[in-house]
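Read the structure below first, then the notes.
Atoms within each ligand, like the ligands themselves, are counted from 1 in listed order.
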Amino acid sequence: MLLAGFAADRASELLAAVSAVTQIAPFRHMVTPGGWPMSVAMTNCGIAGWVTDRSGYRYDSVDPQTSSPWPAMPTCFAALASAAAAAGGFLGFQPDACLINRYEPGARLSLHQDRNEGDFDQPIVSVSLGLPAIFLWGGRTRQDRVRRIPLLHGDVVVWGGPARLTYHGINPLKIGDHPLTSGVRYNLTFRKAL
Ligand code: MD6
Ligand code: FE
């Protein structure tokens, strides 16, 4: 479910919290199991963080770059995620992990499933901030045809139930200038990882 503009009125508070998190756990280009640095810069907050390196994808309670726990989830993050999930029909969603993605022009996320979480009955809540992007929404297999859905500043996608393992991705970001984020797009994806 796309909740258009659901987070728009809280965007500056959310972006201030992103800035606070990234002073403790900086954005970095993680390496895929195949050995290539990702074009999207990532960090996490919450009790678990999604990481990738040569050994694979996993959730880790410690930031491998600092050997410290990930920063706590900001209160405004958790509140938004629960409210959006409820608006999407998932009552009682309490995320324990938030992956924060930063896209610069040209950065992309190839088609993937989110399947490192423990409980596929829990939805994912995804928040777009800053520059627009084209979201690729496929089907249950990589071969299914893909729809292209523009995601704008403040949009929230709530994703669960039969759609939980849908293949998805983000097209290469186009150059732009946004009043709140200048030349980048941020995406917050909230999960129940553990
Ligand atoms: C992004 N989002 O929007 C990347 N995953 O930048 C995701 O990969 C994603 O938006 C699972 C559920 C929702 C998402
Ligand atoms: Fe994903």
Side-chain angles (χ1 to χ4, degrees), residues 1-8 11 14-15 18 22 27-30 32-33 38-46 48-52 56-59 77 80-82 84-85 87-90 93 95-142 144 146-174 176 178 181 183-193:
M1 178 177 294
L2 171 59
L3 304 171
F6 189 89
L14 297 169
L15 288 165
V18 169
T22 59
F27 282 113
R28 80 291 306 263
H29 293 273
M30 297 185 198
T32 63
M38 298 184 74
S39 61
V40 180
M42 298 180 170
T43 187
N44 293 277
C45 60
W50 186 86
V51 293
T52 174
Y57 308 124
R58 65 183 179 279
Y59 282 93
F77 277 26
L80 170 65
S82 291
F90 294 91
F93 177 58
D96 55 16
C98 176
L99 172 65
I100 307 175
N101 295 321
R102 185 189 66 199
Y103 295 76
E104 294 184 328
R108 62 192 289 266
L109 202 56
S110 56
L111 221 53
H112 68 278
Q113 292 173 298
D114 286 26
R115 56 183 311 149
N116 300 114
E117 299 75 28
D119 180 0
F120 296 145
D121 290 339
Q122 294 289 328
I124 293 181
V125 172
S126 166
V127 181
S128 294
L129 297 169
L131 290 181
I134 302 292
F135 187 51
L136 305 174
W137 192 33
R140 286 167 196 243
T141 75
R142 197 177 280 288
D144 286 327
V146 168
R147 287 208 276 158
R148 285 164 181 74
I149 300 171
L151 290 182
L152 309 179
H153 175 72
D155 286 355
V156 179
V157 179
V158 178
W159 182 326
R164 179 62 180 72
L165 292 175
T166 301
Y167 276 88
H168 60 281
I170 294 282
N171 266 357
L173 195 82
K174 291 203 167 144
H178 190 277
T181 70
V184 305
R185 169 179 185 260
Y186 297 100
N187 167 259
L188 319 174
T189 55
F190 295 94
R191 298 100 187 277
K192 183 100 178 66

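Residue-environment remark: CZ (Arg58) exceeds the threshold of 12 foreign heavy atoms within 6.0 Å. Within 6.0 Å of atom CE in Met38, more than 12 heavy atoms from other residues, nucleotides or ligands are found, so the atom counts as buried in its surroundings.
Looking only at protein heavy atoms, the nearest one to atom 10 (O) of ligand 1 is Ser126 OG, 2.7 Å. The protein non-hydrogen atom at the shortest distance from atom 6 (O) of ligand 1 is Tyr103 OH, 2.5 Å. In terms of protein heavy-atom proximity, atom 11 (C) of ligand 1 is nearest to Asp114 OD2, 2.9 Å. At the top of the distance list for atom 13 (C) of ligand 1, counting protein heavy atoms only, stands Trp159 CE3, 3.3 Å. Among all non-hydrogen protein atoms, the one lying nearest atom 2 (N) of ligand 1 is Asn187 OD1, 3.8 Å. With respect to atom 5 (N) of ligand 1, the closest heavy atom belonging to the protein is His168 NE2, 2.7 Å.
For Asp114, the N, O or S atom with the smallest separation from the Fe ion (ligand 2) is OD1. For His168, the N/O/S atom at the shortest distance from the Fe ion (ligand 2) is named NE2.
Classification of the His153-His178 ring pair by plane angle, with boundaries at 30° and 60°, yields tilted. Between Phe135 and His168, the angle of the ring planes lies from 30° to 60°, which puts this pair in the tilted group.
Close contacts between ligand 1 and Arg185 involve ligand atoms 1 (C), 3 (O), 6 (O) [criterion: under 4.0 Å to a heavy atom]. For ligand 1, the atoms sitting less than 4.0 Å from at least one non-hydrogen atom of Ile170 are 1 (C), 3 (O), 4 (C), 6 (O), numbered in the order shown with element in parentheses. Heavy-atom proximity to Leu109, at under 4.0 Å, picks out these atoms of ligand 1: 4 (C), 8 (O).
The two atoms that bring Trp50 and Met42 nearest to each other are CZ3-SD, 3.7 Å, heavy atoms only. When all heavy atoms of Asp155 and Ala4 are compared, the pair lying nearest together is OD1-CA, 3.4 Å.
For the pair Leu151/Leu2, a side-chain contact is recorded, criterion being any heavy-atom separation below 4.5 Å from C-beta on.
Put simply, the residue from Asp114, Asp119, Asn116 that forms a side-chain hydrogen bond (donor to acceptor under 3.5 Å, both in side chains) with Arg191 is Asp114.
The closest approach between Val157 and ligand 1 stays at or above 4.0 Å for every heavy atom of the residue.
Note: no N/O pair closer than 3.5 Å links Thr189 and ligand 1 by distance alone. Annotation: His112 places an N or O atom under 3.5 Å from an N or O atom of ligand 1; distance criterion only.
A cation-pi arrangement, defined by a distance under 6.0 Å to the six-membered ring centre and an angle within 45 degrees of its axis, is present between Arg185 and Tyr103.
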